[in-house]
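To keep things clear, I will list the structure first and then write my remarks on it.
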Amino acid sequence: MSILSVKDLDVRYGQFRAVRGVSFDIARGEVLALVGANGAGKTTLLRALAGANPVYAGSVHLNGTDITQMPSHRRVAAGLALVPEGRRLFLDMTIEENLSLGRTAGREGEWDIDRVLETFPNLVKRRHALTGTMSGGEQQATAIGRALMSNPDILILDEVSLGLSPLVVDQVYASLDGLLKTGTTIILVEQDLTRAMTVADRVICMLEGRVQLDSAMTNTSRDAITDAYFGNSRRKEGLSA
Ligand code: ATP
């Protein structure tokens, strides 16, 4: 059975259909990269999965349970955690305090503060420091760690690289590497196609709210993804190689 099953999902802002008839399934342990140009609907889709945007039509099932109308906090308790764009941490709390907030979902599992610190060793010395004084990379690791503390069945990461220098992005991905090896099911939005192709088993490319390409990484190519990204009329700008 799929961990997450999305069927004919429509999400609208007023009359505007930002997500149009999107369907896909994710199996346990799969790492899915969601790519697409600015405005393709990636963030809207992720927010709808997490319950932050209302669904206009279609359904979302998590472990076989229909969560389409479930409020966000109950989705976390049901096993779905989103690391949103912009991280949304409490900057005047310590890293450890921010991590502890992830526990409030009350889900049992292997993730606790020690395991998060093992996965993101750059946080070890900073665990009692105020989050607002941390670097962007340390804050991103904290945001991911906080989501893991809820022991999710599926972790959804929206543009972990956003606003970080290339060096810091490398550091975040280096620490994510440990997480990827644990077999956690992950959906991640990543603009850097090389990186997406390296970390993910599967890619979905969105174009104007629709799924343009859905393929195992081993069955596709950079050219095919780039074609899907631009809707066949290839242009050079916009997609970082
Ligand atoms: P980006 O990479 O720029 O974050 P995206 O693929 O995540 O892009 P979304 O942010 O989901 O795309 O936006 C999809 C479409 O919905 C865009 O046309 C955007 O302008 C529109 N949109 C997003 N948020 C809102 C909103 N709050 N109200 C109205 N329209 C919105």
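Both counts, for ligands and for their atoms, begin at 1 and track the order of listing.
Looking from atom 14 (C) of ligand 1 to the surrounding protein, the closest heavy atom is Gly39 O, 3.3 Å. Residue, atom and distance of the protein heavy atom nearest to atom 3 (O) of ligand 1 are Asn38 OD1, 3.4 Å. Looking from atom 13 (O) of ligand 1 to the surrounding protein, the closest heavy atom is Thr44 OG1, 3.8 Å. From the protein, the heavy atom lying nearest to atom 27 (N) of ligand 1 is Tyr13 CE2, 3.7 Å. Remark: minimum distance from atom 12 (O) of ligand 1 to any protein heavy atom is reached at Gly41 N, 3.2 Å. The protein non-hydrogen atom at the shortest distance from atom 4 (O) of ligand 1 is Thr43 OG1, 3.6 Å. Ranking protein heavy atoms by distance to atom 2 (O) of ligand 1, first place goes to Lys42 NZ, 3.1 Å.
Ser161 and Glu190 share a donor-acceptor pair across their side chains, judged by distance under 3.5 Å alone. Remark: the Asp158 side chain and the Thr43 side chain contain an N/O donor-acceptor pair separated by less than 3.5 Å. Side-chain contact check for Thr44 and Tyr13: at least one donor-acceptor pair (N or O, by modelled atom type) lies under 3.5 Å. A donor and an acceptor atom, one from each side chain of Asp25 and Ser5, are located under 3.5 Å apart.
The shortest separation from a heavy atom of Ala37 to ligand 1 is under 4.0 Å, placing the residue in contact.
Ion pairing between a basic and an acidic side chain is recognised when a charged N comes within 4.0 Å of a carboxylate O; Asp10 and Arg20 show no such pairing. Using a cut-off of 4.0 Å between Lys/Arg side-chain N and Asp/Glu carboxylate O, Arg103 and Asp112 are scored as not salt-bridged. Between Arg195 and Asp170, at least one side-chain N (NZ, or NE/NH1/NH2) sits under 4.0 Å from a carboxylate O, which counts as a salt bridge.
By the criterion of a heavy-atom distance under 4.0 Å, the side chain of Glu159, and not its backbone, is placed next to ligand 1.
In this structure, atom 19 (C) of ligand 1 is not in close contact with the protein, since no protein heavy atom lies within 4.0 Å of it. By the definition of a contact as any protein heavy atom under 4.0 Å away, atom 6 (O) of ligand 1 is in contact.
Under a 4.0 Å criterion applied to the non-hydrogen atoms of Gln191, ligand 1 contributes the atoms 2 (O). Within the listing of ligand 1, atoms 15 (C), 16 (O), 18 (O), 21 (C) sit less than 4.0 angstrom from a heavy atom of Phe16.
A side chain to side chain contact (heavy atoms under 4.5 Å, CB included) with Leu213 holds for exactly one of Leu207, Ile204, Ile225; it is Ile225. Results of the side chain to side chain contact (heavy atoms under 4.5 Å, CB included) test with Leu4 over Thr185, Asp153, Leu80 single out Leu80 as the only residue that passes.
At least one N or O atom of Ala40 sits closer than 3.5 Å to an N or O atom of ligand 1.
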